[in-house]
Number of protein chains: 2
Amino acid sequence: MTAQARGLHARVLDSLGPAITAGEYPPGSVLRTDELAQRFEVSRSVMREVVRVLESMHLVASRRRVGVTVRPTEEWNVYDPQVIRWRLAGADRPRQLRSLTVLRSAVEPVAAGLAARNATAEQCAALTECALGMVATSRGRQLEGYLVHDMAFHRIVLDASGNEMFARLGDVVAEVLAGRTHHDVMFEDPDPAAVTLHVRVAEAVREGDAARAEALTREIAEGALRELDILAPPPAPAS
Amino acid sequence: MTAQARGLHARVLDSLGPAITAGEYPPGSVLRTDELAQRFEVSRSVMREVVRVLESMHLVASRRRVGVTVRPTEEWNVYDPQVIRWRLAGADRPRQLRSLTVLRSAVEPVAAGLAARNATAEQCAALTECALGMVATSRGRQLEGYLVHDMAFHRIVLDASGNEMFARLGDVVAEVLAGRTHHDVMFEDPDPAAVTLHVRVAEAVREGDAARAEALTREIAEGALRELDILAPPPAPAS
DNA sequence: GTGGCGCAAAAGTCTGACTTTTTGAGCACA
DNA sequence: TGTGCTCAAAAAGTCAGACTTTTGCGCCAC
């Protein structure tokens, strides 16, 4: 699926990055550039570039005479799409999925409210089309088709909000939705209530009703959170 | 303020990065590594590492036979703290500040709600202390002292939410708050209503009242948005 | 006009030498 | 015994130059 032969640099990065985010080298571990270069059978130049990129993601810190130190998790640039992808592919995928879903639940309602104010006619049309597409694929195990429309729907809302920070979460939301379909609940059709909510959000945005768009999207988000609680209960249940 | 002599690599990055985010090289511009290396008087190795990092931020794309192309703004990793810092230091600071404030207004209320559920006793104590500090410095042009407590307050709330994505926005919020004090409204004392709201949020979190913590924080956020509208009206006023 | 051929430009990679910073061990001295 | 200084080694940082690979584009034949 992902491009295979796009330079040594990228290949080493795609090997070392996931290893670090997966905790294979626990925080505080010290690596040495030369040693890594040998291990991956590349020149020091290539390995230095890899380390520089990992450093820019705050996954590691490079210090003279010490080496390349893995940083504690709290310092990682967890918004870097690359880091998100690595973590979603790794062991703490559930934790990551939960974090991202909570983030969605905070951002998307506000984005929908803004979209109701700012969406262009084209965006409204596209949104309605997506909602209809979701309805059309909501029954009969057409999960892949449904997913496509679902991803497009949420991306359009985030784009139409007119806020670039929101817009850039489109990829993240798409990953979360795809992950849900492909790993967790791919055996049953989507919740009919959720489908209806999407249609109504499209309506509200089209009519410029910000408050309603926000409230309805909040309902969608709450549904997603509930779903998550069922599949993977939160770390500390209320005592 | 910022460290001065931390390697050639970092210095060149801190020179080229802001230039790109400032639009000095408009999207689509093509740079050549060798030329850049000459311009900055560094070796190709150093310049290649810089380009790699810029590439990992999606600011540029490097392709053989073509060169290093500046990417369109929509593709930049706008959540990268480095990119945020560069943009806040540059010309479209107001736009950036607005985007971030809207993001805050979406995230912080939800974070406060979670904090009410998850905050430890220590965090509650620290929060109350910050709120009291804000009260103590809210009059008599003690803006710097107020800022310190304000930043700490919001960082604690984001941390206490227990969501790592929220927690990592602490630095961003701190930048926004600092920017407000240092650039925009440093002539007058903070809004007394906002101060009170902070105190009440601390209370709500301490009492574990999630709904109230969320609602109160939403009020704080709305205040910040209103303030922004007064200082720099939004691009398209409602027709 | 269309399609293929080949050139050259630019990034990519490798190697080896040299510099700089920093740590920690060893030693001298109190 | 403990404190502080010196110094050597370790690792990253920097540089220069040669070579490889990809690829856009011009040119030419058809």
Side-chain angles (χ1 to χ4, degrees), chain A residues 2-17 19-20 25-72 75-77 82, chain B residues 2-17 19-20 25-72 75-77 82:
Chain A
T2 49
Q4 187 68 252
R6 66 222 187 294
L8 267 184
H9 166 79
R11 247 176 303 169
V12 174
L13 193 62
D14 263 0
S15 176
L16 189 52
I20 293 174
Y25 306 89
S29 308
V30 175
L31 312 169
R32 260 149 296 124
T33 309
D34 297 26
E35 186 190 294
L36 290 171
Q38 278 191 16
R39 171 132 39 109
F40 289 101
E41 296 177 293
V42 294
S43 67
R44 287 197 355 268
S45 334
V46 169
M47 190 47 76
R48 282 185 53 73
E49 288 168 20
V50 170
V51 168
R52 277 281 191 264
V53 171
L54 293 174
E55 197 176 27
S56 90
M57 296 169 173
H58 277 66
L59 294 183
V60 303
S62 174
R63 274 169 55 211
R64 276 179 154 139
R65 164 69 211 237
V66 173
V68 177
T69 317
V70 178
R71 290 196 181 208
E75 295 177 9
W76 295 354
N77 276 177
Q82 185 99 95
Chain B
T2 51
Q4 189 65 252
R6 66 215 187 296
L8 266 184
H9 166 80
R11 247 176 304 168
V12 174
L13 193 63
D14 263 1
S15 176
L16 189 53
I20 293 174
Y25 307 89
S29 309
V30 174
L31 311 169
R32 262 151 295 126
T33 309
D34 297 26
E35 187 189 293
L36 289 172
Q38 279 191 15
R39 172 131 40 108
F40 289 100
E41 297 177 293
V42 294
S43 67
R44 286 209 349 264
S45 331
V46 168
M47 189 48 75
R48 283 185 51 74
E49 288 168 21
V50 170
V51 168
R52 277 280 189 267
V53 170
L54 293 173
E55 198 177 26
S56 91
M57 296 169 173
H58 278 67
L59 294 184
V60 303
S62 174
R63 274 169 54 210
R64 275 180 155 133
R65 166 67 210 231
V66 174
V68 177
T69 316
V70 177
R71 289 198 180 204
E75 296 177 8
W76 295 354
N77 276 178
Q82 184 101 97

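Chain letters run A, B, ... following the sequence lines, proteins first, then strands; residues in each count from 1. If you're wondering where the values come from, they're calculated on a predicted model, not measured in any experiment.
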Enumerate donor-acceptor pairs with a distance under 3.5 Å from any side-chain N or O in residues 56-63 of chain A to protein atoms, sequence neighbours excluded.
residue, atom, partner, partner atom, Å
A/Ser56, OG, A/Val53, O, 3.0
A/Ser56, OG, B/Ser56, OG, 3.2

Quick one: are B/Ser15 and B/Val12 in side-chain contact, heavy atoms under 4.5 Å? no
Test item: B/Leu13 and B/Gln82 side chains (from C-beta on) under 4.5 Å apart, heavy atoms: yes
If I compare all heavy atoms of A/Val30 with all of A/Val66, which pair ends up nearest, and what's the gap? CG1-O, 3.4 Å
Considering all heavy atoms of both residues, which atom of A/Phe40 and which atom of A/Met47 are nearest to each other, and what is their separation? CD1-CE, 3.4 Å
Pairs touching residues 53-62 of chain A that satisfy salt bridge (charged side-chain N to carboxylate O under 4.0 Å, His left out), sequence neighbours left out: A/Arg52-A/Glu55
How long is the straight-line distance from [atom2] of [Y] back to [atom1] of [X], given to the nearest 0.5 Å?
{"X": "A/Leu16", "Y": "A/Leu31", "atom1": "CG", "atom2": "CG", "answer": "7.0 Å"}
{"X": "B/Glu41", "Y": "B/Leu36", "atom1": "CD", "atom2": "CG", "answer": "13.0 Å"}
{"X": "A/Thr33", "Y": "A/Arg44", "atom1": "OG1", "atom2": "CZ", "answer": "8.5 Å"}

Quick one: list whatever passes salt bridge (Lys or Arg N to Asp or Glu O under 4.0 Å) with B/Arg39, sequence neighbours left out. B/Glu35
Quick one: how far along DNA chain C does chain A reach, first to last nucleotide 5' to 3', anything under 4.0 Å to a heavy atom? C/dT13 to C/dT23
Produce the list of close N/O pairs, under 3.5 Å, pairing protein atoms with atoms of nucleotides 26-28 of chain D; give distances to one decimal.
none

Enumerate the protein-to-nucleotides 13-15 of chain D contacts in which both atoms are nitrogen or oxygen and the separation is below 3.5 Å.
residue, atom, partner, partner atom, Å
D/dG13, OP1, A/Ser62, OG, 3.3
D/dG13, OP2, A/Arg48, NH1, 3.0
D/dG13, OP2, A/Ser62, OG, 3.4
D/dG13, O4', A/Arg64, NH2, 3.1
D/dT14, OP1, B/Leu8, N, 2.4
D/dT14, O4, A/Arg44, NH2, 3.2
D/dC15, OP2, B/Ser43, N, 3.0
D/dC15, OP2, B/Ser43, OG, 3.1

